[in-house]
Amino acid sequence: MGRFMSDVRILPEPHRYAVCAAEDIPIKDFYKGVFEEIFVFFHPFIRPKMMDFDLFNPETYPGRNEIREHCEMVSWKQFLSLSGIKSYKQLDIGLRTSILGLIDERQDVKTANIIQETCLKNRIAEPAEGVLPEFIMNHLLRGIKAIGHSWIWLGDEFCTERKLENIDDLISDNNLIDGRISLFTHDNKILITTHWDSHFSLLCSDKVTVESLVDSCRLEGFYCKEDTEIYWSLSEGN
């Protein structure tokens with residue numbers, strides 16, 4: 001009998017300093033030994049100022065630079081006030097429901113409908129899932145530059161492709177980030193990454209650096225606890 005030879009090729013484990021945490025493990029466990037502190041920051045809603053609200057559909061969705069220049073951010077806290085939704089957890093579940101990102105038993109259709117109605121009434125666009133937020137990135141990039149970094153790597157979901165960019169170029173042209181969901185410094189000490197099916201991102205580094213960037217950039221969100229997972233809104237904790 002001939003010996004069976006498999007043609008299956010298995011990717012090596014990704015570098016944890018360059019990718020988003022896995023869904024089935026606490027975030028701090030995933031980054032253990034790599035990053036000391038992780039902050040979950042929310043992707044803001046988008047209110048057009050000098051742009052037609054009707055452009056916010058899949059066929060005509062504006063680019064990152066257009067959004068940054070012609071729209072303003074609406075925080076999750078502000079949206080809770082506008083909508084009457086009670087908590088960040090409920091809002092996160094509603095956003096996930098609206099993109100069919102949850103199994104039926106976990107969905108909250110009522111909250112998803114409230115989000116849609118509130119957006120239409122106030123001419124606000126929902127944050128996009130799985131992409132780094134337009135309004136916040138320049139604040140973070142300037143903050144990272146201020147602590148001594150001039151260059152940053154841009155990587156895809158599994159960081160099988162990465163590109164080194166000058167931070168000043170990214171600040172002036174946010175469209176360079178398109179298609180990349182992880183940014184990490186050349187010394188692997190800071191990571192900004194987003195989960196493909198979520199409306200928030202992670203800021204990972206040592207405790208002092210994370211706290212400094214959260215404060216200087218006024219990020220909205222929360223620090224990961226030991227048991228915080230990507231689907232944090234579905235858990236009893238947090």
Side-chain angles (χ1 to χ4, degrees), residues 20 40-102 106-142 154 156-157 169-183 192-203 217-221 230-233:
C20 186
V40 173
F41 63 94
F42 305 141
H43 297 175
F45 289 76
I46 302 166
R47 177 184 279 127
K49 293 190 301 181
M50 297 176 288
M51 179 182 291
D52 189 345
F53 172 73
D54 294 330
L55 290 173
F56 285 85
N57 64 70
E59 292 75 29
T60 59
Y61 203 89
R64 300 180 66 89
N65 292 338
E66 294 176 284
I67 291 173
R68 183 192 61 182
E69 294 168 8
H70 303 303
C71 302
E72 63 183 4
M73 62 180 280
V74 176
S75 70
W76 282 32
K77 182 178 181 180
Q78 290 172 314
F79 195 84
L80 292 184
S81 178
L82 289 170
S83 65
I85 294 171
K86 301 301 183 184
S87 68
Y88 293 143
K89 291 179 71 169
Q90 184 183 353
L91 179 53
D92 185 65
I93 292 172
L95 287 169
R96 290 187 183 279
T97 300
S98 69
I99 62 167
L100 305 178
L102 297 173
R106 294 288 198 167
Q107 291 181 7
D108 184 346
V109 176
K110 180 180 179 180
T111 298
N113 288 337
I114 291 173
I115 292 171
Q116 184 179 39
E117 292 164 4
T118 302
C119 285
L120 289 173
K121 178 181 177 180
N122 294 276
R123 312 292 279 180
I124 295 171
E126 296 180 23
E129 76 279 4
V131 294
L132 295 166
E134 298 85 0
F135 298 112
I136 295 173
M137 293 313 299
N138 273 6
H139 296 299
L140 280 169
L141 289 167
R142 289 190 180 101
L154 278 62
D156 58 7
E157 183 177 2
D169 292 341
L170 294 181
I171 290 172
S172 62
D173 185 1
N174 281 188
N175 287 340
L176 293 172
I177 299 175
D178 280 348
R180 309 291 180 166
I181 66 170
S182 295
L183 277 65
I192 304 166
T193 185
T194 192
H195 177 253
W196 65 277
D197 212 14
S198 297
H199 303 81
F200 56 82
S201 295
L202 307 178
L203 170 62
C217 300
R218 299 182 179 180
L219 299 183
E220 182 185 33
I230 290 294
Y231 285 85
W232 52 269
S233 57

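The first residue in the sequence is number 1, and the count goes up from there. Not measured: the values here are computed from a predicted model.
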#### Entry: Modelled atom types, side-chain donor and acceptor of R106 and T97, under 3.5 Å
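No, no side-chain donor-acceptor pair sits under 3.5 Å.
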When you measure from the side chain of [X] to the backbone N and O of [Y], does any donor-acceptor pair fall under 3.5 Å?
X    : Y    : value
W76  : H43  : yes
T193 : S182 : no
R96  : H199 : no
N65  : N174 : yes

Hey, does [Y] have a side-chain heavy atom less than 4.5 Å from the side chain of [X]?
X    : Y    : answer
C20  : I230 : yes
P133 : P127 : no
I115 : L91  : yes
S98  : Q116 : no
L102 : D108 : no
L170 : M137 : no
F200 : F41  : no

What are the two closest non-hydrogen atoms of [X] and [Y], and how far apart are they?
X    : Y    : answer
Y88  : W232 : O-CH2, 3.9 Å
L183 : L141 : CD2-CD2, 4.0 Å
I67  : E134 : CD1-OE2, 3.7 Å
L55  : T60  : O-OG1, 2.8 Å
S233 : K89  : O-CE, 3.3 Å
N138 : I171 : ND2-O, 3.2 Å

Separation between [atom1] of [X] and [atom2] of [Y], rounded to the nearest 0.5 Å:
X    : Y    : atom1 : atom2 : answer
I192 : L202 : CD1   : CG    : 10.5 Å
K86  : L80  : NZ    : CG    : 10.0 Å
L95  : E126 : CG    : CD    : 6.0 Å
S201 : I181 : OG    : CD1   : 9.0 Å
F135 : I46  : CZ    : CD1   : 5.5 Å

### Query
What class does the angle between the rings of F45 and F79 fall in, given that below 30° is parallel, 30 to 60° is tilted and above 60° is perpendicular?
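Parallel, since the angle between the ring planes stays under 30°.
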### Task
On the 0 to 90° scale, with breaks at 30° and 60°, tag the Y231-H195 ring pair as parallel, tilted or perpendicular.
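Perpendicular, since the angle between the ring planes exceeds 60°.
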### Query
Do any pairs count as a salt bridge (charged side-chain N to carboxylate O under 4.0 Å, His left out) and have a residue in residues 66-79, sequence neighbours left out, and if so which ones?
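Listed once each, the pairs are R47-E72.
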Which side-chain N or O atoms in residues 118-125 pair as donor and acceptor under 3.5 Å with protein atoms at least two apart or in another chain?
unit_1	atom_1	unit_2	atom_2	d
T118	OG1	I114	O	2.8
N122	ND2	T118	O	2.9

